[in-house]
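Notes for the one structure printed next.
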Amino acid sequence: RLRAEEEQKKRKLAGGVGFEVMQQPPVKLEPPSGTRDFYPDDYRLQTWLFDKFHAAARASGFELFDAPVLERQELYKRKAGEEITSQMYGFVDGDGEEVTLRPEMTPTLARMALGRAHSQILPLKWYSIPQCWRYEAIQRGRKREHYQWNVDIIGCRSVSAEVELLSTAVFFFKSVGITNADVKIKVNSRKVMGDVLAAAGVPTESFAPVCVILDKLDKIGAEAVEEQLLEVAKLPADVSKRVLAVLACPNLDALRTLAKDSGVSDGEGMKDLESVFELANAYGFGDWLKFDASLVRGLAYYTGVVFEAFDVRGELRAIMGGGRYDRLLSLYGAMTEVPACGFGFGDCVIVELLKERGQLPHLPRNVDVVVAPFSADMQGPAMTVAAGLRAGGARVDLMLEAKKKAGAAFDYANRVGAEYIAFVAPNEFSQGKVRFKDLRVEDEDRKQVDLNLNELDRALDA
Ligand SMILES: OCc1cccc(Br)n1
């Protein structure tokens, strides 16, 4: 009760009106479990982040696309034991369609590329910032939604596509003040492990489930992974050990040696990796990359290079992850294999990282001008002034009710972060004038400008 009274007093002081809410309101006021409201004060940060995503994608010539958050479940029916497909936020709709809130964007991108296959000129460089969903048991207390910046290139077989994606991610990191002292990007290729499995006679359909199991290594440890390789992926014991040995390689040379010992010629995987590091150096961000033979990523459809951005201090979950998925489009109906690669970049871990580094931007509420009618019968003229200022490009917050005291108008202007306040009073207005006060300076230095309305444009330019 005291807090409510305190809040009410603050609101009255600020010239605004609040309202009281029942102790037990008839509707729940918090958002559904695992989801977030973004109040205006929160959304200014989200807008700032998305603007950085847009700017980084635009700098590299990517085109923005979007699609419904609702998708058919068939798009995600992959039998590889992935968490993302086992946690679909799915339901059967009124038409009897099995649909779901999308758990990721890549399948939608593939569907859309195939939907216009005859008219698309490759390579496609598309990006989007979709909200993606998962249904997790509440006790996990984890989020059920996040916004994930997706950047993809469809139609380029060369690893220059992966390097372009990495360049776009590094561009973003630099744009928010993150350096390679804060974040590095692990790079690996699934091809080497794929070759080792093939050389050991493991059927290709085991490749994806094996990758999904290997991706759990950090979480469940080598023993449990080995057990799943044997029990779930049905790998022979010696092959399981060899696959884990691949993941334990400390560097590219060791991986090359092990590949040779496993009867795998110096295949594409090694060449891809060497090219990625060489091209990244040419691009100027080679010092952001780190080869990591244990990196697999958890999505079944990756077929080649995979990468993951992580915080160097190792305190946070992965910041971004991606890779090549050359077989997804043919899985959905392409007559030939269509090369593709992309990454997903969530909106949460990056904010945690920036917060931890004290690098979140200060984003106060602000407008250029508050227009304050001197009295109720000056509301119309105040609207005339607001329209004129807006036509001149100003962001104008028009007070919708005159305040009895000028002080309340100043309080309102301060609360909305106005740089100027324009009082619209009868006598000045009858002379075609409006009284502007510059709120960015202290009282004594305040220049009082009686502004002639027809000088408005010139003054705004000034
Ligand atoms: O990255 C896995 C994932 C998918 C959908 C929603 C959320 Br939160 N997390």
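Order of appearance sets the numbers: ligands from 1, and atoms from 1 within every ligand.
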Structural part of Gln87 in contact with ligand 1, heavy atom criterion under 4.0 angstrom = neither
Does CZ in Arg327 sit with more than 12 non-hydrogen atoms of other residues, nucleotides or ligands closer than 6.0 Å?
-> no
Specify the protein heavy atom at minimum distance from atom 1 (O) of ligand 1: its residue, its atom name, and the distance to 0.1 Å.
-> His146 CE1, 3.7 Å
Say whether, by atom type as modelled, one donor and one acceptor occur between the side chain of Asp218 and the main chain of Lys216 under 3.5 angstrom.
-> no
Numbering as shown, the atoms of ligand 1 that approach Lys143 to under 4.0 Å (heavy-atom distance) = 8 (Br)
Donor-acceptor pair, Ser206 side chain versus Val202 backbone, under 3.5 Å?
-> no
Heavy-atom proximity to atom 2 (C) of ligand 1 ranks first, among Arg134, Arg102, Gln131, Arg144, for Arg134
For atom 6 (C) of ligand 1, what's the nearest protein heavy atom and its distance?
-> Cys132 O, 3.4 Å
Examine distances only and state if a side-chain atom of Asp42 and a backbone atom of Tyr39 form a donor-acceptor pair shorter than 3.5 Å.
-> yes
Any side-chain donor near an acceptor of the partner, Tyr325 and Asp152, under 3.5 Å | yes
Taking only non-hydrogen atoms of Pro103 and a 4.0 Å limit, the atoms of ligand 1 in range are 4 (C), 5 (C)
Element-labelled atoms of ligand 1 that are located less than 4.0 Å from some non-hydrogen atom of Glu145 | 8 (Br)
List every atom of ligand 1 that sits less than 4.0 Å from any heavy atom of Trp133, numbering the atoms from 1 in the order shown and giving each element.
-> 5 (C), 6 (C)
So, Arg102 and Tyr76: side-chain donor and acceptor under 3.5 Å apart, yes or no?
-> no
